[in-house]
Amino acid sequence: MKPLLLAGLLLGSAAAAQMPAMDAKTAQAIVDGCAAHAAAKRQSHAIAVVDAGGHLVAALRMDGNGTGIMDFALAKAQASAAWGGSTEQLAEGARSTPGFERAPHVVTVAGGMPIWSADGRTRLGAVGASGEAPADDAACAAAGITAAGLRADRAR
């Protein structure tokens with residue numbers, strides 16, 4: 001292998017290794033924050049936290065929710081991870097862009113939100129909540145993000 005190519009691969013791997021990632025402890029803090037919010041409101045959600053690539057890191061299906069609700073929470077999280085915005089924003093995009101609602105990883109029901117680092121500069125992943133009214137799902141997701149000391153929006 002040529003020295004420059006090898007150096008480029010090694011530097012690329014080092015850069016990837018230094019990028020903040022969604023770890024299990026942070027993902028669980030988001031799930032716990034969402035579940036606490038839901039319990040305080042006597043609600044029941046399925047909650048899924050994914051990394052920036054859309055891979056599941058932590059999840060909880062609270063009592064009273066079927067497996068289909070968990071699948072929907074995961075779809076919301078993966079949509080937010082794929083597009084970098086909330087599923088509510090994806091719904092707005094679908095209204096203004098014909099055909100967008102049929103694009104891959106588009107979910108147009110509130111409850112999916114991106115997860116940004118505390119400083120709002122690095123997107124870590126996304127969370128999806130389902131099982132209640134869409135506005136309640138979104139509030140649960142936001143509560144989980146806040147409880148973990150993170151943000152649902154990018155710093156401007």
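We count residues from 1, following the sequence as given. Note that this is a predicted model, so its numbers are computed, not measured.
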*asked:* Quick check: closest heavy atoms across A94 and E101, and the distance to 0.1 Å?
replied: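 Smallest heavy-atom distance, with atoms named: CB-CB, 3.9 Å.
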*Out of curiosity, K76 NZ to D71 CG, how far, rounded to the nearest 0.5 Å?*
12.5 Å
*Atom pair NE2 (H55) and CG (L74), whose distance is rounded to the nearest 0.5 Å*: 11.0 Å
_Quick check for you: to the nearest 0.5 Å, what is the distance between M113 atom CE and S86 atom OG?_
6.0 Å
*Does any non-hydrogen side-chain atom of I47 lie less than 4.5 Å from one of V127?*
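They are in side-chain contact.
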*Roughly how far, to the nearest 0.5 Å, is OG1 of T97 from CD of E92?*
11.0 Å
*Give me the one residue out of I115, V49, L150 that meets side chain to side chain contact (heavy atoms under 4.5 Å, CB included) with T26.*
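Single pass found, and it is L150.
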*Does the side chain of F100 come within less than 4.5 Å of L90's, by heavy atoms?*
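Side-chain contact under 4.5 Å: yes.
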*asked:* Are E132 and S44 packed together at the side-chain level, in the sense that at least one heavy-atom pair is separated by less than 4.5 angstrom?
replied: yes
*asked:* Could you check whether any side-chain heavy atom of Q89 comes within less than 4.5 Å of a side-chain heavy atom of T87, counting everything from C-beta outward?
replied: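 Answer no - side chains too far apart.
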*asked:* For a quick test of reading the model, state the closest non-hydrogen atom pair linking A77 to V50 and the distance between them.
replied: O-CG2, 3.7 Å
_I want to check something: taking the side chain as every heavy atom from C-beta on, are V57 and Q28 in contact at a cut-off of under 4.5 Å?_
no
_Trace of the side-chain contact (heavy atoms from CB on, under 4.5 Å) decision for Q78 with L56_ = CA-CA 9 Å; Q78 289 172 328; L56 185 63; over 6 Å; no
_Interatomic distance, L124 atom CG to M22 atom CE [nearest 0.5 angstrom]_ =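 Separation between the atoms: 5.0 Å.
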*Could you pull out the closest heavy-atom pair between A147 and G33, with the gap in Å?*
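Here A147 and G33 meet closest at CB-CA, 3.6 Å.
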*For the residue pair C34 and A129, what are the closest heavy atoms and their distance?*
SG-CB, 4.4 Å
*Evaluate whether atom CD of Q43 has more than 12 neighbouring non-hydrogen atoms of other residues, nucleotides or ligands under 6.0 angstrom away.*
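Count over threshold, so yes.
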*Looking at P104 and W83, what are the two nearest heavy atoms and their distance?*
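That closest heavy-atom pairing would be O-NE1, 3.2 Å.
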*Side chains of N65 and H45: donor-acceptor distance under 3.5 Å anywhere?*
no
_Atom of T122, atom of D119 and distance for their closest heavy-atom approach_ = N-OD1, 4.2 Å
_What I'd like to find out is whether the side chain of T67 reaches to under 4.5 Å of the side chain of I69, using heavy atoms alone._
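No, their side chains stay 4.5 Å or more apart.
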*Do R151 and T146 come close enough that some side-chain heavy atom pair is under 4.5 Å?*
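Side chain of R151 against side chain of T146, heavy atoms only: no contact under 4.5 Å found.
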*Kindly compute the distance separating CZ (R123) from OG (S117), expressed to the nearest 0.5 Å.*
11.5 Å
*Keeping the roles fixed (side chain from R121, backbone from W116), state whether a donor-acceptor pair exists under 3.5 Å.*
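A pair under 3.5 Å: no.
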